[in-house]
Amino acid sequence: MSRMRRSLLLSSLAVLALVSAARQQEGQAPPLVAGDAAFTWDAAWPRLALEDGVALGNTHGGIVAGADGTMYFNTDAEHAVVAIGADGAMTGTVGEGLGGGAHGMCIRVEDGAEVLYVAHTGLHEVRKLSLKGEVLQRFGWPESSEHYDDAGQFRPTAVAVASDGTVFVADGYGRSWLHAYGPDGAWLRDFGGPGTEPGQLRTPHGITLDERGDAPVLVVSDRENRRLQTFALDGTFLAVVAEDLRRPCGVSIRGDLCAVAELEGRVTVLDGDWKVAGHLGDQPDRKLWATNQVGADRFEEGRFLSPHAVCWGRDGDLYVMDWNMLGRVTRLARVPSKD
C-alpha cells in the first residue's frame, strides 16, 4: 500500500539520520536516500576480469537482473552483454557479434530457462538469446505497419514481454512508434507515434511492464517529452503519470517504488502514486549531463553523470548505467531497514 507523502518524509529523515551517523563513524560518505529507502554507493562494484587490454566499452544500453542475482548489462564493445555475478565478479559475456547497438533488454523464464530479449539499434531488430548467447528468435522491422520505407528507419531501443508472450518494442531512435509482436514473431499492431499530445511520443526510449495493479500496463519513458506515460496492453493510452523529468531513459519497478534513469544527471524514485520520493546521485555540473564524453577523472562517488538505465536487483539494491565512453555501471547497496 502506498505511503502518504508526510510519512515518506518522516521515514526518510529517520533513515537518513540513523544511517548517516553510522557511516560517519566509519569515515565513509553519507547514504543516498529516497523515501524510506537508503543506499550506499558501492565503489568496488563490479569486479571486472575482462582480458588484459580490453576496456569495458561505451555503456549505452540497459541492465536486467537474473533470478540468481546475476546482473546483465550492455556495452558497445564486441562483448555486447556482460554478466556480473551476485558477488560482483564477472561471470562471462553474452551476445558476441552484437557489438555496437545492443540497447534495451528484458529477461524472462521460458520453458524453464531464462532468456534475454535484446533490442538492437544497428541490426534493426530484437533478438531472443539463451544465456549462452545462442540466437533463439528474431523480431524484425515492422514492414506491415507501413510507417517505414526500409529496415534502416527502425531503430528499436527497448523491449518488454507480457505473460502471454506478446513482445512490445519501442522504436526510440527511429520513428517513435510502439509495436506489438506475437510470440511467433508476427507483427500485430502499433500505437503511440510521434508528437507531443498525451498518448504521442518523442523518443520512447524505454518500455517496462508494470504488474502492480489489477491489470498489467506498459510504462513508457517518453524521453524528449520529459515524461512517463502508461498504455494498456492493447495499445490504449491510459495516462501521463509523471512530468517535468530530466529526459527519462528507462524505469525499473520494485514494490511501490519506481526508479527512473534521467539522462540529465540523476535517478528519481517515485512512490506508488507516481509522486517523487527522492532523487539519487544528482549531478550539480550541467556540463556533465547528457554526454558520454566524460573522462574517469570526473567520476565522483555519489554523483551520476548521464544515467541511461536503471534496474532493481534481487535483494533491493539499485544498479545504474551511465552513458559513458569508458563504461560506468554503479551498484547502490540497499541499507537494511531497522524496522
Side-chain angles (χ1 to χ4, degrees), residues 29-35 37 39-43 45 55-63 73-76 101-104 121 155 157-158 170 172-173 176 196 201-208 219-229 240-252 257-270 274-312 318-332:
L32 306 177
V33 175
F39 307 88
T40 57
W41 187 284
D42 185 355
W45 191 97
L56 177 59
N58 183 48
T59 41
H60 184 202
I63 315 172
F73 63 87
N74 302 129
T75 87
D76 278 344
H103 202 273
T121 62
R155 303 185 64 205
T157 53
Y173 289 165
S176 290
T196 59
L201 306 158
R202 289 199 303 155
T203 311
H205 192 275
I207 186 168
T208 304
V219 181
V220 180
S221 300
D222 185 10
R223 193 177 77 180
E224 299 313 313
N225 283 326
R226 296 177 175 269
R227 64 192 182 189
L228 303 181
Q229 302 197 68
V240 174
V241 294
E243 297 183 274
D244 301 319
L245 298 170
R246 292 188 193 166
R247 301 177 69 189
C249 286
V251 306
S252 182
L257 298 181
C258 174
V260 185
E262 294 171 279
L263 198 61
E264 293 178 334
R266 72 182 182 189
V267 170
T268 290
V269 178
L270 306 175
W274 302 104
K275 303 299 183 183
V276 174
H279 304 293
L280 303 174
D282 198 349
Q283 174 58 248
D285 187 347
R286 293 193 174 202
K287 294 179 180 178
L288 303 183
W289 292 5
T291 175
N292 77 340
Q293 300 297 303
V294 179
D297 60 318
R298 301 303 303 273
F299 290 10
E300 179 185 356
E301 184 175 339
R303 302 286 187 187
F304 294 118
L305 298 166
S306 302
H308 189 269
V310 62
C311 181
W312 293 101
L318 199 58
Y319 297 83
V320 180
M321 172 190 289
D322 276 308
W323 178 45
N324 184 266
M325 62 181 179
L326 300 177
R328 193 187 195 211
V329 184
T330 303
R331 172 181 177 257
L332 301 184

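This one's a predicted model, so the numbers in the text were calculated from it and none came from an experiment.
R226 has a carboxylate O that lies under 4.0 Å from a charged side-chain N of E264, or vice versa, which qualifies the two as a salt bridge. Looking at R303 and D322, no side-chain N of the basic residue comes within less than 4.0 Å of a carboxylate O on the acidic one, giving no salt bridge.
The six-membered or imidazole ring of W323 lies away from that of F304, with a centre-to-centre distance of 6.0 Å or more. Checked against the 6.0 Å centroid criterion, the rings of Y319 and W45 qualify as a close aromatic pair.
Partners of R331 by side chain to side chain donor-acceptor pair (under 3.5 Å), not counting sequence neighbours, listed by chain and number: D42, D317.
Atom CG of D285 and atom CD of E300 lie 9.5 Å apart (nearest 0.5 Å). Distance CZ/R247 to OG/S221: 13.0 Å, rounded to 0.5 Å. Atom NE2 of H308 and atom NE2 of H60 lie 3.5 Å apart (nearest 0.5 Å). Considering OG of S306 and CD of Q293, their distance stands at 10.5 Å, rounded to 0.5 Å. With rounding to the nearest 0.5 Å, the separation of CZ in R298 from NZ in K287 is 9.0 Å. A distance of 12.0 Å separates OG1 in T75 from CG in L326, rounded to the nearest 0.5 Å.
The shortest non-hydrogen separation linking D222 to P248 is O-CG, 4.3 Å.
No side-chain N or O of N324 forms a donor-acceptor pair with one of N58 less than 3.5 Å apart. Side-chain contact, T157 with H205: no donor N or O sits under 3.5 Å from an acceptor N or O.
Proximity of T196 to R202: side-chain heavy atoms (C-beta onward) are separated by under 4.5 Å at one or more points. Here the side chains of V251 and L228 are in contact, with some heavy-atom distance below 4.5 Å.
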Practice task
Take T268 and H279, measure what side-chain hydrogen bond (donor to acceptor under 3.5 Å, both in side chains) needs, and give me the verdict at the end.
Solution key: CA-CA 4 Å; T268 290; H279 304 293; 2.8 Å; yes

